[in-house]
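All values derive from a computational prediction rather than experimental measurement. Positions are given from 1 along the sequence.
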Amino acid sequence: CMILHEFSDIMKTYQVTDYKAYGTSAIRESKNRAILTDQVRLRTGIEMDILSNSEQRFIIYKALAAGSDKFNRIIEKSTALVDVGAGSTQVSLFDNGTLVTTQNVKLGAVRISNMMSTLSQNIVNYVDIMREYIDNDMVTLNELFLKSRKINNVIFVGDCVPYYARMKEFFDGGEYTTRNKFKDFFDKIYHKSIEQIAEFMKLQENEAKLILPSAMVYMRMLDFTQAEDIWMPQVTLCDGMAVEHAQK
């Protein structure tokens with residue numbers, strides 16, 4: 001609320017009359033959601049809309065489609081779009097330029113990170129156990145929706161993707177990489193502590209703690225597909241909000 005209040009003051013300074021504030025999975029899944037949003041409104045003056053999972057992903061897809069024509073070209077061939085959010089991961093399959101199917105699993109970077117922080121205090125090989133936890137959902141997803149499909153391309157979207165892009169050694173030009181280079185990157189951070197990942201990637205620790213959980217989900221998707229080429233457009237929900245506003 002303190003941070004949102006500062007945003008509110010800045011908007012008043014610039015005489016902004018039109019704004020949009022969205023809540024996503026953390027607020028959407030809160031048991032006291034109504035009280036929470038009411039308190040935000042009372043303390044900051046900001047009215048918040050709570051996005052459903054489908055609305056949230058659709059807004060991000062808008063940013064992808066509007067940002068360049070690459071998206072439309074890529075999805076002409078069988079493509080898996082893997083969007084790792086804070087609370088869940090959305091896997092969407094495209095072919096011939098259209099959405100074929102989309103599935104959501106409760107494997108978000110923050111959700112997994114919170115579990116890891118608990119396990120890391122008590123278990124030495126907690127990373128291997130976390131991988132098993134991720135596999136509970138990812139293997140089922142593969143068996144039901146991916147196994148019979150040939151995937152030519154993979155698109156990675158999520159809050160951690162811009163951090164990956166800084167690692168020029170693994171990600172050419174920030175947007176493109178290959179299966180082998182992503183695996184090399186994953187091997188470098190696997191079994192590293194949050195402090196070591198932060199130092200390796202020149203990140204703050206609160207950013208670094210999300211890197212391995214999201215990379216695990218992306219890596220499992222690569223294991224389940226035969227795709228060699230990876231596109232990592234650095235679009236976020238904020239980009240989608242800007243596109244949606246512009247369209248209106």
Taking the side chain from R220 and the backbone from D135, do they hold a donor-acceptor pair closer than 3.5 Å? no

Can a donor-acceptor pair be found, under 3.5 Å and without considering hydrogens, that links the side chain of R33 to the backbone of I50? no

In terms of hydrophobic clustering (I, L, V, M, F, W, Y; side-chain heavy atoms under 4.5 Å; direct or indirect links), are F58 and Y22 co-clustered? no

Is any side-chain heavy atom of N53 closer than 4.5 Å to one of S88? yes

Name every donor-acceptor pair, under 3.5 Å, that has one atom in a side chain of residues 207-219 and the other anywhere in the protein, sequence neighbours excluded.
| unit_1 | atom_1 | unit_2 | atom_2 | d |
| --- | --- | --- | --- | --- |
| E207 | OE1 | Q204 | N | 3.0 |
| E207 | OE2 | Y163 | OH | 3.4 |
| S214 | OG | Y164 | OH | 2.7 |
| S214 | OG | L210 | O | 3.0 |
| S214 | OG | I211 | O | 3.0 |
| Y218 | OH | V157 | O | 2.6 |

So does D38 pair up with R41, basic N to acidic O under 4.0 Å? yes

Taking C-beta and beyond as the side chain, do M138 and M221 meet within less than 4.5 Å on heavy atoms? yes

Out of D184, T225, V154, which residue meets the side-chain contact (heavy atoms from CB on, under 4.5 Å) rule with R179? T225

Run the salt-bridge test on K106 and D137 with the 4.0 Å N-O cut-off and return the result as yes or no. no

With D18, which residues qualify under salt bridge (Lys or Arg N to Asp or Glu O under 4.0 Å), at least two apart? none

Beyond-backbone contact of Q234 with P162, side-chain heavy atoms, under 4.5 angstrom: yes

Result of checking T79, T102, N104 against S92 for side chain to side chain donor-acceptor pair (under 3.5 Å): T102

Those residues at least two apart in sequence (or on a different chain) that pass side chain to side chain donor-acceptor pair (under 3.5 Å) with K183 are D187

Distance in Å, L93 CG paired with R149 CZ, rounded so as to fall on 0.5 Å steps: 5.5 Å

I'd like to know if E244 pairs up with K20 as an ion pair, taking the criterion as any Lys NZ or Arg NE/NH1/NH2 lying under 4.0 Å from an Asp or Glu carboxylate oxygen. no

I'd like to know if the side chain of S8 reaches the main chain of T44, judged simply by a donor and an acceptor atom lying under 3.5 Å from each other, with no hydrogens or angles considered. yes

Using ring-ring contact (aromatic ring centres under 6.0 Å, His included) as the criterion, list what pairs up with F186, not counting sequence neighbours. Y190

So, the side chain of T37 versus the backbone of M48: is there a donor-acceptor pair under 3.5 Å, distance only? no

Stepwise ring-ring contact (aromatic ring centres under 6.0 Å, His included) check, F182 with F156: CA-CA 11 Å; F182 191 88; F156 288 166; 5.3 Å; yes

Hydrophobic clustering (ILVMFWY, side-chain heavy atoms < 4.5 Å, transitive) - are I197 and V110 grouped together? no

Could you tell me which residues satisfy side chain to side chain donor-acceptor pair (under 3.5 Å) with D229, sequence neighbours excluded, listed by chain and number? none

Could you pull out the closest heavy-atom pair between I46 and M11, with the gap in Å? CD1-CE, 4.4 Å

In this structure, are over 12 heavy atoms from other groups packed under 6.0 Å from F200 atom CZ? yes

Is any NZ, NE, NH1 or NH2 atom of the basic residue among R111 and E29 found under 4.0 Å from an Asp or Glu carboxylate oxygen of the other? yes

Tell me, do Q39 and L36 make a side-chain contact under 4.5 Å, heavy atoms counted? no

Taking ring-ring contact (aromatic ring centres under 6.0 Å, His included) as the test, write out the residues that go with F71, two or more places apart. F94

With a sphere of 6.0 Å drawn around CZ of F7, does it hold more than 12 non-hydrogen atoms of other residues, nucleotides or ligands? no

